[in-house]
Number of protein chains: 2
Amino acid sequence: MADVTARINPLFLRDEELRQGIEFLYFAYREFTKEPDTILSEQGLGRAHHRTIYFVGRQPGISVSDLLSTLRITKQSLSRVLSQLLKEDYIRQRPGLRDRRQRLLELSPKGVELERKLTENQRKLLARAYREAGAEAVEGFRKVMLNIMSEEDRAHFPAQTTPPLPGWRGTGGGAS
Amino acid sequence: MADVTARINPLFLRDEELRQGIEFLYFAYREFTKEPDTILSEQGLGRAHHRTIYFVGRQPGISVSDLLSTLRITKQSLSRVLSQLLKEDYIRQRPGLRDRRQRLLELSPKGVELERKLTENQRKLLARAYREAGAEAVEGFRKVMLNIMSEEDRAHFPAQTTPPLPGWRGTGGGAS
DNA sequence: CGGTTACGTCAGCCATGTTGACATATCCCG
DNA sequence: CGGGATATGTCAACATGGCTGACGTAACCG
């Protein structure tokens, strides 16, 4: 009986497949942020703080403007979040060496601890999903996700043919 | 040189792989919602309206409580959004036949039009990503995404061995 | 020296989530 | 039939995290 639908309307399956994809994004993202959100709210922080902590942990010494272009929010929005993280000593800043106007950001020990706790959670979720889906599926997942994201964001990831390297976003070692 | 890292610290690649996965979710989701958000704001609507319109379009005749459990938000949050959509005739409601306490929701022609416009956009983005990644990759994407989402949400999707059917969430024809 | 850049801040607005309390209509069981 | 449970709606208040606009300071650089 199921085949009848496909025979009658071959476009239907295509539409259904794409709608499922839409829902995958929604449901997976929701699950992905659920636990971290809970942990964060216990510390009086929110998802925006998570993102900031995450990317500062990812690129220690990142400048404010680089962080802004990664997050693509306004400086006023970041400011609110960043000020709190500085005040509560999750993040520390030091002036840039070459350009003393810059405030280079890095996690404090307290920030490292929280980052670990939050990311650990998402890593476990992902690791489980990867394991249950299998290596080949992970490669497919990677391909599709890279194609969904904007070209600019995609450029931050090395091609899969070579193993991923630490110098994410090309600002690897030095300041940008 | 790149291999040195892997030899020195074999766990590093694993961590890097998982961190990239985290970023895939963030960047892809951001891109996925970008265009619809723009379209919506032109109509004085937001992402929450999109979700409501989407799921009402997906399951015409859905009850408010079923919609609530799909969205997993409070009735007060939904109410604000739904009231506006009713008032501006994107969505219409009729009492349930068997249970007249229910308000069964469906899209008006205006709502269908907007839903088409919004979903069309995401479908195109996904279709392009699927096309460029290839059928095998899509299958992997599907597997990983299903494993990321909660078991409850996952249950709404038929197993991939049989072609997907319209009766999504098991409430296909009847009321739940 | 003067324009540009990096960063910060104040003030206000909006969308969307939350909790708590309460109201109404309908259903269904005993 | 009566009363508890259910489906829905509503008022009020609050938090988060986006946004715009305006303005200020310090440092860089030609």
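Numbered from 1 within each chain, the chains take letters A, B, ... in sequence-line order.
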Checking all strands, does [X] fall into the base, sugar-phosphate, or nothing category for heavy-atom contacts under 4.0 angstrom?
X	answer
A/S65	sugar-phosphate
A/R47	sugar-phosphate
A/S79	base
B/Q84	nothing
A/H49	sugar-phosphate

Rounded distance (Å) that lies between atom [atom2] of [N] and atom [atom1] of [X]:
X	N	atom1	atom2	result
B/K87	D/dT10	NZ	P	11 Å
B/Q93	D/dA7	CD	P	16 Å
A/K34	C/dT18	NZ	P	13 Å
A/D66	C/dA6	CG	C1'	11 Å
B/L104	D/dT8	CG	C1'	12 Å
B/L82	D/dA7	CG	P	16 Å
B/D99	C/dA25	CG	C1'	10 Å
B/L45	D/dG18	CG	C1'	17 Å

For the side chain of [X] and the base of [N], is some donor closer than 3.5 Å to an acceptor across the two?
X	N	result
B/R101	D/dT6	yes
A/Q76	D/dG18	no
B/R103	D/dT8	no

Hey, is the side chain of A/S77 poking within less than 4.0 Å of OP1 or OP2 on D/dG17, counting only N and O atoms? no

Is the phosphate of D/dC19, meaning OP1 or OP2, less than 4.0 Å from a side-chain N or O of A/T74? yes

Of A/R100 and A/V81, the one whose closest nucleotide on DNA chain D sits nearer the 5' end is A/V81

Residue closer to the 5' end of DNA chain D, B/K75 versus B/R80 (nearest nucleotide): B/K75

Could you give the distance from CD1 (A/I53) to CG (A/L118), rounded to the nearest 0.5 Å? 6.5 Å

Does the distance from a Lys or Arg side-chain N to an Asp or Glu carboxylate O, for [X] and [Y], drop under 4.0 Å?
X	Y	value
A/R14	A/E17	yes
B/R30	B/D37	no
B/E31	A/R154	no

B/Y26 and A/F55: aromatic ring centres closer than 6.0 Å? yes

